[in-house]
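Indexing begins at 1, ligand by ligand and atom by atom, following the structure's order. In this chain, numbering begins with 1 at the start of the sequence shown.
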Amino acid sequence: MVFIRAKKVKGHSYAYLVRNVWDNKNGRVRQEIVKYLGRSSKVALEDIPKEFQKDPNVVTFIACHSSDAEKMEFTMKEEMLELLIRNDTNSLVDIFERYSQFFGLLKFYERLLAPVMYKVGELWKAGKLDVATEHVCSNAAHTLVKIINERVSRNPVANRKALKILICTPEGEYHSLGCMVIESFLRSKGYCVSNIAPSVPSDAIIAFAGKFNPDLIMISITLDENIGASKKLINKILESRISAPPILIGGIGIESIRIKNQNDKLKKVRFLKGIKLSGILPSIREVTKNGAKVSETIKK
Ligand code: B12
């Protein structure tokens, strides 16, 4: 294992690649310089000898000191893809920890996990990844997000006025990672979330909402063929006794739809095309009047 040491000289930070070696003479570990890397802010992956480029300490250093963050993310994405394929959850958790300590949960999901899963889909579509391996990747990603969710739930943000959000997918939609990621992110922000994805029949969603009493319902669509089922679900919600909460619809499955002027009945329904994780909070605030608890006012 190697480390990058930064030394400050006249206000500038300079980096050295070092490794621990055992000093027989003194009977203790000493650090040996492997390479001088120059200005910390300019350290790039190419400056690092090939055999150390994937070392976690190197990747983390470049992530927080260098302007080369994009290349570092590229390396991390490649690493994640390999780990998903190998179903190596421990190492995936390790990447999550290393990355999120500097960039946070949101960026981990938005810049690493989601793009890597999209890549899995591309590889599968191109016949470069067999179905079984695609499922392994999907299961490993679910396990990872579950672990992260448990951690997030262990340290809840105290928020007595937290909005209650119900996340679901229409019947027939089996893609559930997006919902888990949204759940995880919203929990980390103190929202009270019930995620009932994947594929729940409309009546069951409405029955659940009747008990949970959500301030907002989020529907996730991945396959465009499920748009029809979602529209039926929305109509049923609007016609039911729980017709109050605003409804947000998103996910890659709605990218192809054309949004017409919405009639009065649909004024609390928003199709959020192209909205990624970072756009979700502003959308929630908008439809719930700046994040205030709205269930009471709506029910009146
Ligand atoms: C994993 C996976 C599966 C797994 C799902 C397991 C599970 N429990 O989730 C399995 C293997 C079961 C599967 C099955 C199928 N899949 Co699939 N799958 C994928 C894959 C590789 C990853 C999906 C994923 O996890 N993405 C990562 C998450 C984090 O991203 P996300 O879902 O987009 O969510 C983010 C945003 O969209 C947004 N968002 C999501 N929901 C919402 C909601 C709101 C309100 C808002 C504001 C935002 C928002 O925020 C999220 C977080 O950032 C995708 C590839 C891809 N491009 O997505 C293919 C993909 C979606 N699958 C595809 C296909 C074709 C299928 C099958 C039809 C294959 C088959 N022939 O059987 C079946 C259909 C199953 C069904 N009926 O639902 C196609 C869809 C093509 C299309 N446009 O219709 C894709 C795109 C692969 C491809 N490149 O062709 N799949």
With respect to [atom], which of [options] exhibits the smallest heavy-atom separation?
atom: atom 52 (C) of ligand 1; options: Ile284, Ile280, Val181; result: Val181
atom: atom 83 (N) of ligand 1; options: Ile249, Asp224, Ile254, Val116; result: Asp224
atom: atom 47 (C) of ligand 1; options: Leu129, Leu272, Asn139, Ile247; result: Leu272
atom: atom 38 (C) of ligand 1; options: Val120, Leu277, Ile275, Leu113; result: Ile275

With nothing but distance in play, are any N or O atoms of [X] less than 3.5 Å from an N or O of ligand 1?
X: Lys125; result: no
X: Asn226; result: no
X: Thr222; result: no
X: Ser176; result: yes
X: Gly172; result: yes

Hey, which atoms in ligand 1 end up nearer than 4.0 Å to a heavy atom of [X]?
X: Gly250; answer: 41 (N), 42 (C), 43 (C), 44 (C), 45 (C), 46 (C), 49 (C)
X: Glu173; answer: 78 (O)
X: Leu177; answer: 9 (O), 25 (O)
X: Ile219; answer: 43 (C), 45 (C)

query = Quick one: OH on Tyr14 to OG on Ser40, what's the gap to the nearest 0.5 Å?
reply =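 These two atoms lie 9.0 Å from each other.
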ask   = When rounded to the nearest 0.5 angstrom, what is the spacing between CD in Glu32 and CG in Asp23?
value =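 Output value for this atom pair is 10.5 Å.
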inquiry  = Please give the atom name: the N, O or S atom of His175 nearest to atom 17 (Co) of ligand 1.
reply    =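 In His175, the N, O or S atom with the shortest distance to atom 17 (Co) of ligand 1 is NE2.
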message = How far is atom 29 (C) of ligand 1 from the closest protein heavy atom, and which atom is that?
response =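 Answer for atom 29 (C) of ligand 1: Gly178 CA, 3.9 Å.
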ask   = Nearest protein heavy atom to atom 74 (C) of ligand 1, by residue and atom, and its distance?
value =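 Checked against all protein heavy atoms, atom 74 (C) of ligand 1 sits closest to Leu223 CD1, 3.6 Å.
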query = Which word best sums up how the rings of Phe96 and Phe108 line up, parallel for under 30°, tilted for 30 to 60°, or perpendicular for over 60°?
reply =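 Phe96 vs Phe108 ring planes: perpendicular.
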request  = Mark the output for Tyr118 as yes if a heavy-atom distance to ligand 1 is under 4.0 Å, and as no if none is.
outcome  =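 A heavy atom of Tyr118 does come that close to ligand 1.
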message = So for Phe185, does at least one of its heavy atoms come nearer than 4.0 angstrom to any atom of ligand 1?
response =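 No heavy atom of Phe185 comes that close to ligand 1.
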task = Kindly work out whether a path of hydrophobic side-chain contacts (I/L/V/M/F/W/Y, heavy atoms less than 4.5 Å apart) joins Val93 to Val136.
result =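 In one cluster: no.
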key: Flag side-chain contact, heavy atom, 4.5 Å: Leu216 against Pro246   =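 Heavy-atom side-chain distance check passes, below 4.5 Å.
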query = So, for Phe185 and Leu105, which heavy atoms are closest and what is the spacing to 0.1 Å?
reply =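 Looking at all heavy atoms of both residues, the shortest contact is CA-CD2, 4.1 Å.
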